[in-house]
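To keep things clear, I will list the structure first and then write my remarks on it.
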Amino acid sequence: MKVKINVNGEDFASDVEPRLLLVDFLRDTAGLTGTHVGCETGSCGSCTVLLDGRPVKSCLMLAAQADGSRIITIEGISKGESMNRVQKSLSESKALQCGFCAPGIVITASWFLDKNENPDEGEIREALSGNICRCTGYQPVVDAVLKASKEVK
């Protein structure tokens, strides 16, 4: 089937198998490998992208379901070459270790801070509850997101 999906401002039109997952479309068709494939069950959140402005787990969605949509991946979350406030804070705080979970956390936290500019720690933990990090114990990530919330967009 034919799909047309706008990814990070660029249109991608392709014939796809009806069962092709969105994460595979992004990685293989669009060539954007920053969206990670983790658990493939929606549990880890590594594959999170913004679909029409809302976070979705791209391993749980078919590319055909995204036909006509606008998607933002980790490659498109910041403006130009500079990091956004979440990326910058996570980096400066050395909040992530291996980085496998980073794309999903950055996408989710960036979306969350756009909706809630003055969150408390509990709200951040709730917002990131769909993103698993096996390295950090979460406190450094939560602290970095809290710090990012204080930065000007």
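Predicted model, so just to flag it, every value in this text is computed and none were measured.
Counting only heavy atoms from C-beta outward, the side chains of Phe25 and Val3 approach each other to under 4.5 Å. In this structure, the side chains of Met61 and Leu51 come closer than 4.5 Å at one or more pairs of heavy atoms. No side-chain heavy atom of Ile107 sits under 4.5 Å from any side-chain heavy atom of Val86. Leu26 has its side chain within reach of Ile71: a pair of non-hydrogen atoms, C-beta onward, lies under 4.5 Å apart. Taking the side chain as every heavy atom from C-beta outward, Leu113 and Pro119 approach each other to under 4.5 Å. Taking 4.5 Å as the limit, some side-chain heavy atom of Leu96 sits within range of a side-chain heavy atom of Cys101. Side-chain contact between Val49 and Ile72 is absent, with no heavy-atom pair separated by less than 4.5 Å. Taking 4.5 Å as the limit, every side-chain heavy atom of Met1 sits out of range of all side-chain heavy atoms of Asp15.
Put simply, the side chain of Lys88 never gets that close to the backbone of Glu151: no donor and acceptor are under 3.5 Å apart. Here the side chain of Glu75 pairs a donor or acceptor atom with the backbone of Gly34 at under 3.5 angstrom. Between the side chain of Thr136 and the main chain of Pro140, no donor-acceptor pair closer than 3.5 Å is present. Counting only distance, with no hydrogens or angles, the side chain of Trp111 and the backbone of Gly53 share a donor-acceptor pair below 3.5 Å. The backbone N or O of Thr33 lies less than 3.5 Å from a partner atom in the side chain of Arg27, making a donor-acceptor pair. A donor-acceptor pair is defined here as one N or O able to donate and one able to accept, closer than 3.5 Å; no such pair exists between the side chain of Glu92 and the backbone of Ser89.
Atoms CZ and OG, on Arg125 and Ser129 in that order, are 11.0 Å from each other to the nearest 0.5 Å. The distance from atom CD of Glu126 to atom CG of Asp120, rounded to the nearest 0.5 Å, is 11.0 Å. Considering OG of Ser43 and CG of Asn131, their distance stands at 11.5 Å, rounded to 0.5 Å. If you take OG1 on Thr29 and CD1 on Ile5, they are separated by 8.5 Å, rounding to the nearest 0.5 Å. One finds the CG atom of Leu146 at 10.5 Å from the OG atom of Ser93 (value rounded to the nearest 0.5 Å). Atom OG in Ser46 sits 8.5 Å away from atom CD1 in Ile132 (nearest 0.5 Å).
Nearest heavy-atom pair across Ser110 and Asn84 is OG-ND2, 2.9 Å. For the pair Leu50 and Pro55, the tightest heavy-atom approach, listed with the atom from each and the gap, is CD2-N, 3.6 Å. Minimum interatomic distance between Leu62 and Pro18 (heavy atoms only, all atoms of both residues): CD1-O, 3.6 Å. Taking both residues in full, the closest heavy atoms of Asp52 and Ser69 are given as OD2-OG, 3.2 Å, listed atom of the first, atom of the second, then distance. Annotation for Gly42 and Leu60: closest pair CA-CD1, 3.6 Å, computed over non-hydrogen atoms. The shortest non-hydrogen separation linking Val145 to Ala109 is CG2-CB, 3.9 Å.
Counted by atom type alone, Gln97 and Arg134 present zero donor-acceptor pairs between their side chains at under 3.5 Å. Asn8 and Thr73 form a side-chain donor-acceptor contact under 3.5 Å, judged by distance and modelled atom types alone. When only modelled atom types and interatomic distance are considered, Asp143 and Gln139 share a side-chain donor-acceptor pair under 3.5 Å.
Within a 6.0 Å radius of CZ in Arg70, no more than 12 heavy atoms belonging to other residues, nucleotides or ligands are found. Within 6.0 Å of the NZ atom in Lys150, the count of heavy atoms belonging to other residues, nucleotides or ligands exceeds 12. Under a cut-off of 6.0 angstrom, the local environment of NZ in Lys147 is crowded, with over 12 non-hydrogen atoms contributed by other residues, nucleotides or ligands. The number of heavy atoms from other shown groups lying within 6.0 Å of CD (Gln65) is above 12.
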Exercise for the section: Test side-chain contact (heavy atoms from CB on, under 4.5 Å) on Ile77 and Val106 and set out the steps. Expected result: CA-CA 8 Å; Ile77 197 72; Val106 169; 4.1 Å; yes
Exercise for the section: Under the side-chain contact (heavy atoms from CB on, under 4.5 Å) rule, what do Leu128 and Tyr138 come out as? Steps first, then yes or no, please. Expected result: CA-CA 9 Å; Leu128 294 176; Tyr138 299 100; over 6 Å; no
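Under a hydrophobic clustering in which Ile, Leu, Val, Met, Phe, Trp and Tyr are joined whenever their side-chain heavy atoms come within less than 4.5 Å, directly or via other members, Val16 and Val7 fall into the same cluster. Residues Ile74 and Val141 fall within the same hydrophobic cluster, defined by Ile, Leu, Val, Met, Phe, Trp and Tyr side chains chained together at heavy-atom separations under 4.5 Å.
In this pair, Phe100 and His36 present their aromatic rings parallel. The plane angle is below 30°, not in the 30 to 60° band.
Here the options are Asp24, Val37, Thr35, the test is side chain to side chain contact (heavy atoms under 4.5 Å, CB included), and the partner is Cys47; only Thr35 passes.
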